Amino acid sequence: RQVTVQRKEKDFQGMLEYHKEDEALLIRNLVTDLKPQMLSGTVPCLPAYILYMCIRHADYTNDDLKVHSLLTSTINGIKKVLKKHNDDFEMTSFWLSNTCRLLHCLKQYSGDEGFMTQNTAKQNEHCLKNFDLTEYRQVLSDLSIQIYQQLIKIAEGLLQPMIVSAMLENESIQGLSGVKPTGYRKRSSSMVDGENSYCLEAIIRQMNSFHTIMCDQGLDPEIILQVFKQLFYMINAVTLNNLLLRKDVCSWSTGMQLRYNISQLEEWLRGRNLQQSGGVQTMEPLIQAAQLLQLKKKTQEDAEAICSLCTSLSTQQIVKILNLYTPLNEFEERVTVSFIRTIQAQLQERNDPQQLLLDFKHMFPVLFPFNPSSLTMDSIHIPACLNLEFLNEV
Amino acid sequence: GSQRPRPRVLLKAPTLAEMEEMNTSEEEESP
(Lines give C-alpha, C1' and ligand atoms only; values in the text may rest on other atoms or scores of the structure.)
Protein backbone atom coordinates (compact mmCIF):
# COMPACT_ATOMS: atom_id res chain seq x y z
CA ARG A 1 0.00 0.00 0.00
CA GLN A 2 2.81 2.32 0.95
CA VAL A 3 4.49 1.66 -2.38
CA THR A 4 1.33 2.68 -4.27
CA VAL A 5 1.07 5.96 -2.37
CA GLN A 6 4.69 6.82 -3.03
CA ARG A 7 4.37 6.06 -6.72
CA LYS A 8 1.29 8.27 -7.05
CA GLU A 9 2.90 11.21 -5.27
CA LYS A 10 5.94 10.96 -7.47
CA ASP A 11 4.22 10.44 -10.76
CA PHE A 12 1.00 12.44 -10.60
CA GLN A 13 1.15 14.99 -13.39
CA GLY A 14 -2.14 16.70 -12.58
CA MET A 15 -4.29 14.79 -15.07
CA LEU A 16 -7.32 12.60 -14.45
CA GLU A 17 -8.29 9.72 -16.70
CA TYR A 18 -11.69 8.05 -16.91
CA HIS A 19 -13.45 5.63 -19.23
CA LYS A 20 -15.84 7.24 -21.67
CA GLU A 21 -18.75 5.27 -20.20
CA ASP A 22 -18.10 6.88 -16.78
CA GLU A 23 -18.67 10.41 -18.08
CA ALA A 24 -22.33 10.46 -17.02
CA LEU A 25 -21.38 9.26 -13.52
CA LEU A 26 -18.65 11.92 -13.33
CA ILE A 27 -21.12 14.67 -14.20
CA ARG A 28 -23.72 13.30 -11.80
CA ASN A 29 -21.34 13.03 -8.83
CA LEU A 30 -19.39 16.19 -9.52
CA VAL A 31 -22.11 18.49 -10.89
CA THR A 32 -25.79 17.60 -10.81
CA ASP A 33 -25.94 15.75 -7.46
CA LEU A 34 -23.20 17.68 -5.67
CA LYS A 35 -24.05 19.63 -2.54
CA PRO A 36 -21.69 22.58 -1.94
CA GLN A 37 -21.65 21.79 1.81
CA MET A 38 -19.88 18.50 1.04
CA LEU A 39 -16.85 20.45 -0.03
CA SER A 40 -16.47 22.72 2.99
CA GLY A 41 -12.86 22.64 4.14
CA THR A 42 -11.52 21.70 0.70
CA VAL A 43 -9.91 23.93 -1.93
CA PRO A 44 -12.50 26.44 -3.23
CA CYS A 45 -13.67 25.60 -6.77
CA LEU A 46 -12.52 21.99 -6.50
CA PRO A 47 -15.05 20.76 -9.15
CA ALA A 48 -13.58 23.22 -11.66
CA TYR A 49 -10.03 21.95 -11.05
CA ILE A 50 -11.14 18.30 -11.29
CA LEU A 51 -12.94 19.02 -14.55
CA TYR A 52 -9.89 20.81 -15.93
CA MET A 53 -7.68 17.83 -15.02
CA CYS A 54 -10.09 15.53 -16.89
CA ILE A 55 -10.11 17.83 -19.93
CA ARG A 56 -6.34 17.93 -19.81
CA HIS A 57 -6.05 14.16 -19.96
CA ALA A 58 -8.42 14.00 -22.94
CA ASP A 59 -6.29 16.70 -24.58
CA TYR A 60 -3.10 14.77 -23.71
CA THR A 61 -4.47 11.66 -25.46
CA ASN A 62 -5.55 13.86 -28.40
CA ASP A 63 -9.17 12.72 -28.01
CA ASP A 64 -11.18 15.62 -29.40
CA LEU A 65 -14.49 13.75 -29.13
CA LYS A 66 -13.89 13.18 -25.40
CA VAL A 67 -13.11 16.87 -24.87
CA HIS A 68 -16.25 17.91 -26.78
CA SER A 69 -18.39 15.44 -24.92
CA LEU A 70 -17.07 16.31 -21.46
CA LEU A 71 -17.41 20.07 -21.95
CA THR A 72 -20.92 19.74 -23.39
CA SER A 73 -22.04 17.45 -20.56
CA THR A 74 -20.48 19.75 -17.97
CA ILE A 75 -22.21 22.83 -19.36
CA ASN A 76 -25.56 21.03 -19.62
CA GLY A 77 -25.10 19.62 -16.11
CA ILE A 78 -24.44 23.07 -14.66
CA LYS A 79 -27.50 24.46 -16.45
CA LYS A 80 -29.62 21.64 -15.07
CA VAL A 81 -28.49 22.33 -11.48
CA LEU A 82 -29.17 26.05 -11.89
CA LYS A 83 -32.64 25.41 -13.22
CA LYS A 84 -33.44 23.08 -10.34
CA HIS A 85 -32.06 25.49 -7.71
CA ASN A 86 -33.18 28.76 -9.26
CA ASP A 87 -33.95 30.30 -5.87
CA ASP A 88 -30.89 29.00 -4.02
CA PHE A 89 -28.23 31.69 -3.52
CA GLU A 90 -25.60 29.29 -2.19
CA MET A 91 -25.94 26.82 -5.06
CA THR A 92 -25.99 29.57 -7.70
CA SER A 93 -22.96 31.30 -6.19
CA PHE A 94 -21.18 27.94 -6.02
CA TRP A 95 -21.65 27.29 -9.74
CA LEU A 96 -20.77 30.85 -10.65
CA SER A 97 -17.46 30.41 -8.77
CA ASN A 98 -16.78 27.07 -10.44
CA THR A 99 -17.78 28.13 -13.96
CA CYS A 100 -15.56 31.19 -13.72
CA ARG A 101 -12.71 29.10 -12.31
CA LEU A 102 -13.01 26.58 -15.16
CA LEU A 103 -12.98 29.50 -17.59
CA HIS A 104 -9.86 30.91 -15.87
CA CYS A 105 -8.19 27.46 -16.05
CA LEU A 106 -8.91 27.17 -19.78
CA LYS A 107 -7.19 30.53 -20.21
CA GLN A 108 -4.35 30.03 -17.72
CA TYR A 109 -3.44 26.66 -19.27
CA SER A 110 -4.32 27.50 -22.87
CA GLY A 111 -0.72 27.97 -23.91
CA ASP A 112 -1.53 31.56 -24.87
CA GLU A 113 1.36 33.59 -23.48
CA GLY A 114 -0.91 36.48 -22.58
CA PHE A 115 -2.53 34.28 -19.93
CA MET A 116 0.69 32.67 -18.69
CA THR A 117 2.55 35.65 -17.26
CA GLN A 118 1.91 34.64 -13.64
CA ASN A 119 2.36 30.87 -14.13
CA THR A 120 5.12 28.95 -12.40
CA ALA A 121 7.27 26.63 -14.50
CA LYS A 122 5.33 23.71 -13.04
CA GLN A 123 2.03 25.30 -14.04
CA ASN A 124 3.31 25.79 -17.57
CA GLU A 125 3.85 22.01 -17.76
CA HIS A 126 0.10 21.65 -17.15
CA CYS A 127 -0.97 23.52 -20.29
CA LEU A 128 -3.10 21.94 -22.99
CA LYS A 129 -0.99 20.35 -25.72
CA ASN A 130 -3.31 19.61 -28.62
CA PHE A 131 -6.49 21.66 -28.58
CA ASP A 132 -7.46 25.30 -28.69
CA LEU A 133 -10.61 25.70 -26.59
CA THR A 134 -11.26 29.39 -27.35
CA GLU A 135 -14.81 28.68 -28.55
CA TYR A 136 -15.65 26.74 -25.39
CA ARG A 137 -14.29 29.63 -23.34
CA GLN A 138 -16.86 31.84 -25.04
CA VAL A 139 -19.62 29.39 -24.09
CA LEU A 140 -18.42 29.32 -20.47
CA SER A 141 -18.26 33.10 -20.43
CA ASP A 142 -21.87 33.31 -21.70
CA LEU A 143 -22.90 30.74 -19.11
CA SER A 144 -21.18 32.76 -16.36
CA ILE A 145 -23.24 35.80 -17.36
CA GLN A 146 -26.44 33.74 -17.12
CA ILE A 147 -25.45 32.43 -13.68
CA TYR A 148 -24.52 35.93 -12.49
CA GLN A 149 -27.94 37.20 -13.58
CA GLN A 150 -29.63 34.37 -11.70
CA LEU A 151 -27.54 35.15 -8.60
CA ILE A 152 -28.55 38.82 -8.69
CA LYS A 153 -32.20 37.90 -9.19
CA ILE A 154 -32.13 35.63 -6.13
CA ALA A 155 -30.32 38.21 -3.97
CA GLU A 156 -32.71 40.98 -5.05
CA GLY A 157 -35.69 38.75 -4.33
CA LEU A 158 -34.44 38.21 -0.77
CA LEU A 159 -33.61 41.87 -0.13
CA GLN A 160 -36.49 43.61 -1.84
CA PRO A 161 -39.22 42.86 0.73
CA MET A 162 -37.03 44.44 3.44
CA ILE A 163 -36.08 47.66 1.73
CA VAL A 164 -39.04 49.99 2.27
CA SER A 165 -39.58 49.22 5.92
CA ALA A 166 -35.85 49.09 6.75
CA MET A 167 -34.86 52.23 4.85
CA LEU A 168 -37.93 54.47 5.21
CA GLU A 169 -40.21 53.28 7.98
CA ASN A 170 -38.12 51.84 10.75
CA GLU A 171 -36.96 54.35 13.33
CA SER A 172 -33.67 53.50 14.91
CA ILE A 173 -32.69 57.04 15.90
CA GLN A 174 -34.01 57.57 19.42
CA GLY A 175 -36.50 60.37 19.90
CA LEU A 176 -37.21 60.76 16.20
CA SER A 177 -40.70 59.29 16.39
CA GLY A 178 -41.81 62.37 18.33
CA VAL A 179 -41.05 64.54 15.34
CA LYS A 180 -42.92 62.62 12.66
CA PRO A 181 -45.48 64.56 10.63
CA THR A 182 -48.81 64.77 12.42
CA GLY A 183 -51.46 62.45 11.10
CA TYR A 184 -48.97 59.94 9.73
CA ARG A 185 -47.41 58.77 12.94
CA LYS A 186 -48.96 55.31 13.08
CA ARG A 187 -48.92 54.48 9.44
CA SER A 188 -46.53 51.85 8.19
CA SER A 189 -46.66 50.93 4.51
CA SER A 190 -49.86 50.69 2.55
CA MET A 191 -48.94 47.12 1.65
CA VAL A 192 -47.41 45.98 4.92
CA ASP A 193 -49.47 45.05 7.92
CA GLY A 194 -46.73 45.52 10.46
CA GLU A 195 -45.75 41.88 10.68
CA ASN A 196 -43.51 42.19 7.64
CA SER A 197 -41.56 45.05 9.11
CA TYR A 198 -37.78 44.93 8.88
CA CYS A 199 -35.02 47.01 10.38
CA LEU A 200 -31.76 47.92 8.66
CA GLU A 201 -30.05 45.20 10.65
CA ALA A 202 -32.03 42.63 8.62
CA ILE A 203 -30.62 44.00 5.35
CA ILE A 204 -27.11 44.00 6.81
CA ARG A 205 -27.50 40.44 8.11
CA GLN A 206 -28.66 39.30 4.69
CA MET A 207 -25.74 41.01 2.96
CA ASN A 208 -23.31 39.50 5.48
CA SER A 209 -24.69 36.11 4.56
CA PHE A 210 -24.29 36.77 0.80
CA HIS A 211 -20.76 38.02 1.31
CA THR A 212 -19.65 35.11 3.51
CA ILE A 213 -21.04 32.53 1.08
CA MET A 214 -19.38 34.13 -1.96
CA CYS A 215 -16.02 34.49 -0.19
CA ASP A 216 -16.06 30.93 1.19
CA GLN A 217 -16.80 29.57 -2.27
CA GLY A 218 -13.84 31.43 -3.77
CA LEU A 219 -15.86 33.64 -6.09
CA ASP A 220 -13.54 36.17 -7.75
CA PRO A 221 -13.28 39.36 -5.65
CA GLU A 222 -14.05 41.52 -8.73
CA ILE A 223 -17.35 39.68 -9.18
CA ILE A 224 -18.25 40.08 -5.50
CA LEU A 225 -17.71 43.85 -5.87
CA GLN A 226 -20.06 43.92 -8.87
CA VAL A 227 -22.73 41.97 -6.96
CA PHE A 228 -22.75 44.59 -4.19
CA LYS A 229 -22.73 47.52 -6.60
CA GLN A 230 -25.83 45.99 -8.21
CA LEU A 231 -27.55 45.35 -4.85
CA PHE A 232 -26.81 48.86 -3.59
CA TYR A 233 -28.23 50.29 -6.80
CA MET A 234 -31.42 48.29 -6.23
CA ILE A 235 -31.73 49.45 -2.61
CA ASN A 236 -31.28 53.03 -3.87
CA ALA A 237 -33.89 52.67 -6.63
CA VAL A 238 -36.58 50.92 -4.56
CA THR A 239 -36.18 53.38 -1.67
CA LEU A 240 -36.17 56.48 -3.87
CA ASN A 241 -39.19 55.30 -5.88
CA ASN A 242 -41.17 54.83 -2.67
CA LEU A 243 -40.09 58.20 -1.38
CA LEU A 244 -41.28 59.78 -4.63
CA LEU A 245 -44.73 58.25 -4.23
CA ARG A 246 -45.40 58.60 -0.50
CA LYS A 247 -46.22 61.84 1.23
CA ASP A 248 -45.90 60.32 4.70
CA VAL A 249 -42.19 59.65 4.28
CA CYS A 250 -41.31 63.00 2.72
CA SER A 251 -40.42 64.68 5.97
CA TRP A 252 -37.42 66.09 7.80
CA SER A 253 -37.34 63.16 10.22
CA THR A 254 -37.36 60.52 7.45
CA GLY A 255 -34.55 62.48 5.76
CA MET A 256 -32.53 62.24 8.95
CA GLN A 257 -33.26 58.53 9.45
CA LEU A 258 -32.52 57.82 5.80
CA ARG A 259 -29.15 59.57 5.92
CA TYR A 260 -28.30 57.57 9.03
CA ASN A 261 -29.31 54.30 7.34
CA ILE A 262 -27.23 55.08 4.27
CA SER A 263 -24.22 55.85 6.47
CA GLN A 264 -24.69 52.45 8.15
CA LEU A 265 -24.64 50.77 4.73
CA GLU A 266 -21.49 52.73 3.80
CA GLU A 267 -19.95 51.63 7.08
CA TRP A 268 -20.83 48.03 6.25
CA LEU A 269 -19.12 48.27 2.85
CA ARG A 270 -15.98 49.65 4.49
CA GLY A 271 -16.06 46.97 7.19
CA ARG A 272 -16.12 44.27 4.52
CA ASN A 273 -13.51 46.07 2.42
CA LEU A 274 -15.99 46.54 -0.43
CA GLN A 275 -15.77 50.32 -0.82
CA GLN A 276 -14.22 49.86 -4.29
CA SER A 277 -17.50 48.34 -5.47
CA GLY A 278 -18.95 51.77 -6.24
CA GLY A 279 -21.99 50.81 -4.16
CA VAL A 280 -22.07 54.16 -2.37
CA GLN A 281 -21.89 56.06 -5.67
CA THR A 282 -24.98 54.24 -6.93
CA MET A 283 -26.83 55.58 -3.87
CA GLU A 284 -26.08 59.20 -4.68
CA PRO A 285 -29.67 60.04 -5.76
CA LEU A 286 -30.98 58.73 -2.45
CA ILE A 287 -28.28 60.53 -0.45
CA GLN A 288 -29.33 63.76 -2.15
CA ALA A 289 -33.01 63.09 -1.57
CA ALA A 290 -32.29 62.63 2.15
CA GLN A 291 -30.40 65.93 2.18
CA LEU A 292 -33.18 67.66 0.26
CA LEU A 293 -35.65 66.64 2.96
CA GLN A 294 -33.41 68.22 5.58
CA LEU A 295 -32.46 71.47 3.85
CA LYS A 296 -34.33 74.75 4.40
CA LYS A 297 -36.78 75.45 1.61
CA LYS A 298 -37.69 79.09 1.83
CA THR A 299 -35.34 81.72 0.43
CA GLN A 300 -33.59 82.32 -2.89
CA GLU A 301 -30.34 81.14 -1.23
CA ASP A 302 -32.06 77.92 -0.12
CA ALA A 303 -33.17 77.35 -3.73
CA GLU A 304 -29.62 77.87 -4.99
CA ALA A 305 -28.25 75.48 -2.38
CA ILE A 306 -30.76 72.81 -3.39
CA CYS A 307 -29.98 73.22 -7.09
CA SER A 308 -26.23 72.96 -6.60
CA LEU A 309 -26.56 69.98 -4.27
CA CYS A 310 -29.11 67.80 -6.07
CA THR A 311 -27.17 67.02 -9.23
CA SER A 312 -28.09 63.31 -9.26
CA LEU A 313 -31.83 63.99 -8.99
CA SER A 314 -33.85 65.15 -11.98
CA THR A 315 -35.85 68.39 -11.89
CA GLN A 316 -39.00 66.29 -11.89
CA GLN A 317 -37.81 64.31 -8.86
CA ILE A 318 -36.75 67.42 -6.93
CA VAL A 319 -40.08 69.13 -7.60
CA LYS A 320 -42.00 65.99 -6.67
CA ILE A 321 -40.22 65.69 -3.31
CA LEU A 322 -40.81 69.39 -2.59
CA ASN A 323 -44.49 69.01 -3.44
CA LEU A 324 -44.84 65.95 -1.22
CA TYR A 325 -42.85 67.46 1.63
CA THR A 326 -44.87 67.32 4.81
CA PRO A 327 -44.16 69.76 7.66
CA LEU A 328 -43.38 68.24 11.03
CA ASN A 329 -45.77 70.37 13.01
CA GLU A 330 -47.73 73.61 12.93
CA PHE A 331 -44.52 75.64 13.32
CA GLU A 332 -42.96 74.38 10.09
CA GLU A 333 -44.38 75.79 6.86
CA ARG A 334 -45.25 73.90 3.70
CA VAL A 335 -42.98 74.49 0.69
CA THR A 336 -44.55 77.40 -1.17
CA VAL A 337 -45.54 77.30 -4.81
CA SER A 338 -43.29 80.27 -5.54
CA PHE A 339 -40.27 78.46 -4.02
CA ILE A 340 -40.94 75.46 -6.28
CA ARG A 341 -41.24 77.82 -9.29
CA THR A 342 -37.87 79.36 -8.38
CA ILE A 343 -36.29 75.90 -8.34
CA GLN A 344 -37.90 75.02 -11.69
CA ALA A 345 -36.65 78.25 -13.23
CA GLN A 346 -33.11 77.58 -12.03
CA LEU A 347 -33.10 74.03 -13.32
CA GLN A 348 -34.78 74.58 -16.68
CA GLU A 349 -31.52 74.42 -18.60
CA ARG A 350 -30.82 70.93 -17.33
CA ASN A 351 -31.41 68.19 -19.86
CA ASP A 352 -33.00 65.77 -17.41
CA PRO A 353 -34.60 62.43 -18.20
CA GLN A 354 -38.38 62.59 -18.26
CA GLN A 355 -39.27 59.58 -16.16
CA LEU A 356 -39.90 60.17 -12.48
CA LEU A 357 -39.10 56.71 -11.15
CA LEU A 358 -35.85 54.77 -11.39
CA ASP A 359 -35.68 51.44 -13.18
CA PHE A 360 -35.02 49.22 -10.17
CA LYS A 361 -34.53 46.22 -12.49
CA HIS A 362 -31.67 47.90 -14.35
CA MET A 363 -28.56 45.70 -14.45
CA PHE A 364 -25.02 46.94 -14.86
CA PRO A 365 -23.05 44.91 -17.42
CA VAL A 366 -20.88 42.35 -15.63
CA LEU A 367 -17.19 41.76 -16.34
CA PHE A 368 -15.18 38.67 -15.46
CA PRO A 369 -11.53 39.73 -15.35
CA PHE A 370 -8.98 36.93 -15.79
CA ASN A 371 -7.89 35.68 -12.38
CA PRO A 372 -5.21 32.98 -12.59
CA SER A 373 -4.77 30.62 -9.65
CA SER A 374 -1.49 30.00 -7.84
CA LEU A 375 -2.59 26.43 -7.16
CA THR A 376 -0.76 23.62 -8.97
CA MET A 377 -2.86 20.76 -10.34
CA ASP A 378 -0.73 17.96 -8.89
CA SER A 379 -1.33 19.28 -5.36
CA ILE A 380 -5.08 18.77 -5.59
CA HIS A 381 -6.57 16.01 -3.49
CA ILE A 382 -9.96 14.48 -4.33
CA PRO A 383 -11.97 13.74 -1.18
CA ALA A 384 -13.57 10.30 -0.92
CA CYS A 385 -17.00 11.85 -0.30
CA LEU A 386 -17.16 12.81 -4.00
CA ASN A 387 -17.31 9.13 -5.02
CA LEU A 388 -14.93 9.67 -7.90
CA GLU A 389 -12.73 6.64 -7.27
CA PHE A 390 -13.10 5.71 -10.96
CA LEU A 391 -10.87 8.68 -11.86
CA ASN A 392 -7.26 7.61 -12.30
CA GLU A 393 -4.53 10.03 -11.43
CA VAL A 394 -2.05 10.31 -14.28
CA GLY B 1 12.92 26.31 -23.69
CA SER B 2 14.14 25.07 -27.04
CA GLN B 3 11.07 23.00 -27.95
CA ARG B 4 8.58 25.08 -29.81
CA PRO B 5 5.03 23.77 -29.21
CA ARG B 6 3.10 22.84 -32.34
CA PRO B 7 -0.07 24.88 -32.97
CA ARG B 8 -3.18 23.65 -31.21
CA VAL B 9 -6.24 22.54 -33.15
CA LEU B 10 -9.27 24.75 -32.65
CA LEU B 11 -12.20 22.75 -31.34
CA LYS B 12 -15.42 24.18 -32.75
CA ALA B 13 -18.11 24.66 -30.13
CA PRO B 14 -21.81 25.32 -30.51
CA THR B 15 -23.09 28.48 -28.84
CA LEU B 16 -24.86 28.24 -25.51
CA ALA B 17 -28.21 28.71 -27.26
CA GLU B 18 -27.41 25.97 -29.78
CA MET B 19 -26.40 23.65 -26.95
CA GLU B 20 -29.71 24.36 -25.27
CA GLU B 21 -31.61 23.51 -28.45
CA MET B 22 -29.71 20.24 -28.88
CA ASN B 23 -30.33 19.38 -25.25
CA THR B 24 -34.03 20.15 -25.50
CA SER B 25 -34.51 18.05 -28.63
CA GLU B 26 -32.64 15.15 -26.99
CA GLU B 27 -34.91 15.37 -23.95
CA GLU B 28 -37.98 15.44 -26.18
CA GLU B 29 -36.79 12.35 -28.07
CA SER B 30 -36.17 10.32 -24.94
CA PRO B 31 -39.30 8.77 -23.41
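Only this structure's heavy atoms are used, side chains among them; waters, hydrogens and symmetry mates stay out. Residue numbering restarts at 1 for every chain, and letters A, B, ... go by the order of the sequence lines. These numbers were taken from a predicted model, which means no experiment stands behind them.
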**Student:** With distance as the sole criterion, is a donor-acceptor pair present between the side chains of A/Gln150 and A/Asn86 under 3.5 Å?
**Tutor:**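 A/Gln150 vs A/Asn86: no donor-acceptor pair found between side chains.
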
**Student:** Which bit of A/Lys129 is near chain B, if near means a heavy-atom gap under 4.5 Å: side chain, backbone, both or neither?
**Tutor:**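 For A/Lys129, backbone heavy atoms alone lie under 4.5 Å from chain B.
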
**Student:** Counting heavy-atom pairs under 4.5 Å with chain B, which one of A/Leu140, A/Leu128, A/Asn62, A/Val67 comes out on top?
**Tutor:**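 Most heavy-atom pairs within the cutoff with chain B belong to A/Leu128.
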
**Student:** Could A/Glu156 and A/Lys153 be called an ion pair, given the rule that one side-chain N must be under 4.0 Å from one carboxylate O?
**Tutor:**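 A salt bridge is absent here (no side-chain N lies under 4.0 Å from a carboxylate O).
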
**Student:** Looking at A/Ile75, A/Asp132, A/Asn130, which makes the most heavy-atom pairs under 4.5 Å with chain B?
**Tutor:**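 Winner by heavy-atom pair count: A/Asp132.
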
**Student:** Do the side-chain N and O atoms of A/Asp142 and A/Gln138 include a donor-acceptor pair separated by under 3.5 angstrom?
**Tutor:**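 The criterion, which ignores hydrogens and geometry beyond distance, is satisfied for A/Gln138 and A/Asp142.
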
**Student:** Heavy-atom pairs under 4.5 Å with chain B are the metric here; pick the option from A/Thr134, A/Asp64, A/Asn76, A/Leu71 that has the most.
**Tutor:**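 That would be A/Asn76.
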
**Student:** With A/Thr92, which of A/Ile213, A/Ile147, A/Asp87, A/Ile152 fulfils side chain to side chain contact (heavy atoms under 4.5 Å, CB included)?
**Tutor:**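 With A/Thr92 as partner, side chain to side chain contact (heavy atoms under 4.5 Å, CB included) holds for just one option, A/Ile147.
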
**Student:** Counting only heavy atoms closer than 4.5 Å, note whether A/Leu143 contacts chain B via side chain, backbone, both or neither.
**Tutor:**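 It is both, since atoms from each part get that close.
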
**Student:** If we ignore angles and hydrogens, is there a donor and acceptor under 3.5 Å between the side chains of A/Asn387 and A/Asn29?
**Tutor:**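 Their side chains do not contain a donor-acceptor pair, so the 3.5 Å distance test is not met.
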
